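Quick caveat: nothing in here was measured; it's all calculated off a predicted structure.
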Amino acid sequence: MTKHTFNISIDCPHCAQKIESTLNSDKRVEKAILDFNNKKLTVNSELSREEIIKIATAISDEISFEKTYSFNAKIDCADCAKKVERALSGNKNVSYASFDFPKGKLVVKTTLNKAEIEKLCKECEDDIELSEHEEIENDQKLELIRICVSLAIFIVAFTFKLHYLFLLSYVIAGYDVLINAVKNIFKGKIFDENFLMSIATVGALILSSYSEAAAVMIFYQIGEYFQAKAVRKSRKSIKALLDITAKEALLENGELISVEKIEVGTIIVVRPGEKVALDGVVVEGTSALDEKALTGESLPVDVEVGSEVLSGSVNLSSLIKVKVTKRYDESTATKIIELIETSSDKKSKSEQFITRFSRYYTPLVCLLALIIAFIVPLITKDPFNMWIYRAMELLVISCPCALVLSIPLSYFASIGTYAKNGILVKGSDVVEKLSKVSKIAFDKTGTLTKGELTCTSVINLTSLNIMPYLASLESSSTHPIAKAIVKSNKEQLFKVDHLTELPGKGIKGDINGVTYYAGNSKLFSNVNESKETAVYFGTSDEVLGYVTLSDTVKDDSVKAIEDLKSLGIKELTMISGDKKETCESIAKKLKLDSFHYSLLPDQKLNTLKAMMSSDSIVAYCGDGINDAPSLAQADIGISMGGCGSDAAIEQSDMVIISDSLTKISDAIKISRRTELIVKENIVFSLAVKLLVIILAIIGLSSMWLAIFSDVGVALIAVINAMRSGKKL
């Protein structure tokens, strides 16, 4: 199977759903996903790209595999510009190419992607420079003018009772709908929006309801206009969110180079106001960085030599030099973009329900319309005109676009909200599960705690202050315990002579002519092993004191646990490989419901499995390679994006970029809001349609009400869905 990805253009959500379901029913297709909001079609299939395009376009004329791109093109020779234009125009995958040399603008309409266009241009003229390319949006101004003209004619016709003007207004508003309907009839395709709207309004004209036919078509187009505008607004917000990467980076020698060409170890310069192009470590300078686009945190982060910086953050104050630690395709910003773009690959149960529902709903309502139009009047002996009119109303009502569009849009918008809050989710199914999570298990080190030892107490058993002596002995070691001791010492260090390592026990050295020892309890015969991590200090004759060390709880862990409890999470537990005393202390501080200790990775996994059941959704939060199996096993795997390993991030369903545990409660709040909006849209859309269907059957409805139940409900549902895109 080969994975094919297409950039597409499509405005009808119902058509998009039909294309997706038809492709998925093909035995040669393993999986097909048409992301209406992101304008992307992904197909895992044995078929070639050409065969997939042929199948999709045969299903609906609404889909176009061509996109229009606009480039700022820099080239010195007018003749060379023409040569590029001719080369592009001659390519079979390009339907239109125009190079405006005076303005330096290149416009291309093609099925190729941006990289392929650039490659074609470079092959023709190597010195051409293309930049700031973006897709050109279809201009809605002409559509708005057409609606205004038809509406003005309708008002004149209504005022002076001129039937021919109603017809003119109808044709201006709906000529494209009628043309598309005729095309589809010849292709044997019915039940799409164009066909239903045409049959309903033409039927109204036949019944001499001229004003209603024109009004229905006008208000249908008005609804479509605002619906498209709402969707476009949502797309733009996501597009702005994805625009977090720098295209070029400045090297030390002053050369600007594409970020894709920069290797690990290269030093790049980031000036004030510029984006950090790639992940790295500061090697020169101090500054403040705005990481809002990555972590959702509004406060700037101070960085200095040795500080890690993330691609996509903005330098606010001073010039810094950064040593690159990750290539472009491995950088934080690139991973964020990739996760957002692929987030629609996993659909929620609500989306799957709507897909199945719409497959049967429209044909059933149309069948009901036929029965009402031609069978009911035979039974009731009523005039055919009356029942045909009611059937026309049903045809208008039957389009399921309100649901087909608004439900995916709700999830799409919420995924954007997650990203704004520094949270990445890998599919709308994750959003749905998050709203129902009832148990959460946490790894300890690096998740609930900082993952670095600090001195918790210094015990002097004599009048001697042991800390500067102990820190002096440990100052040459790179061991984490030694580093923690040296960091905790506030006094001046002593010179150490004859420093000697004692394997498995500790070290010894001479300070001011006295030999001192530092290490574990094995160094001294007269001490008992501490329940905590401890380093003892003394001479060959006596113990002078000791320090205890422990991993400290993260600053926001207490609040995170409190927030989760306030949301009604039933069980919060810690699963750790650390010893009992340490885990017990951490669990007590955080007021966790339970804790499990001294576990190897496979034992962690078994403990998690024991928590899981069919009636509960269990999340696991971790950051290390040893957490990867548990992250994959849990209903929802949550990893720390800043300190987390690549294996953990890969296996997780949700990534917290800032490593802040309070983001978990934020994620649950967003998911619950999204699920509420989805349920509101489902209930509202179905209730209104059912009500209007009943009213139409008993003769208490009208075309005006029918059009509201179609376009009006769709517009209201879309506007409601966009609430998912608001920050908490």
Legend entry - CA sep, side-chain torsions, deciding dist, call: L523, Y536, side chain to side chain contact (heavy atoms under 4.5 Å, CB included): CA-CA 8 Å; L523 265 177; Y536 297 89; over 6 Å; no
Inset, instruction - Mark yes when over 12 heavy atoms from residues, nucleotides or ligands other than K508 sit less than 6.0 Å from its NZ; otherwise mark no. - result: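 No, NZ of K508 has 12 or fewer neighbouring heavy atoms, counting only those of other groups under 6.0 Å.
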Inset, instruction - Mark yes when over 12 heavy atoms from residues, nucleotides or ligands other than K565 sit less than 6.0 Å from its NZ; otherwise mark no. - result: yes
Legend entry - Check ion pair R271-E274 (N to O, under 4.0 angstrom): yes
To the nearest 0.5 Å, what is the distance between [atom1] on [X] and [atom2] on [Y]?
| X | Y | atom1 | atom2 | result |
| --- | --- | --- | --- | --- |
| I423 | N421 | CD1 | CG | 5.5 Å |
| N489 | I466 | CG | CD1 | 10.5 Å |
| M640 | L661 | CE | CG | 5.0 Å |
| F595 | C583 | CZ | SG | 7.0 Å |

Inset, instruction - List for me each residue that meets side-chain contact (heavy atoms from CB on, under 4.5 Å) alongside I617, sequence neighbours excluded, and say none if there are none. - result: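 Expected list: K433, K436, V437, D635, I636.
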Legend entry - Counterpart residues, side-chain contact (heavy atoms from CB on, under 4.5 Å), relative to E260 (two or more places apart):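 In terms of side-chain contact (heavy atoms from CB on, under 4.5 Å), with neighbours along the sequence ignored, E260 is linked to S258, Y328.
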Inset, instruction - For S665 and T662, work out which heavy atoms get closest and say how close. - result: OG-O, 2.8 Å
Inset, instruction - State, with a plain yes or no, whether a side-chain heavy atom of L464 is found less than 4.5 Å away from one of N460. - result: no
Inset, instruction - Compare all side-chain heavy atoms of E491 with those of N465 and state whether any distance is below 4.5 angstrom. - result: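 Sidechains of N465 and E491: in contact.
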Inset, instruction - Kindly state each residue pair satisfying ring-ring contact (aromatic ring centres under 6.0 Å, His included) with at least one member in residues 424-478, sequence neighbours excluded. - result: Y469-F494, Y469-Y516
Inset, instruction - I would like to know whether D551 and K450 meet salt bridge (charged side-chain N to carboxylate O under 4.0 Å, His left out); could you show each step before the answer? - result: CA-CA 7 Å; D551 190 2; K450 293 179 180 178; over 6 Å; no
Legend entry - T607 (side chain) donor-acceptor with Q603 (main chain) under 3.5 angstrom: yes
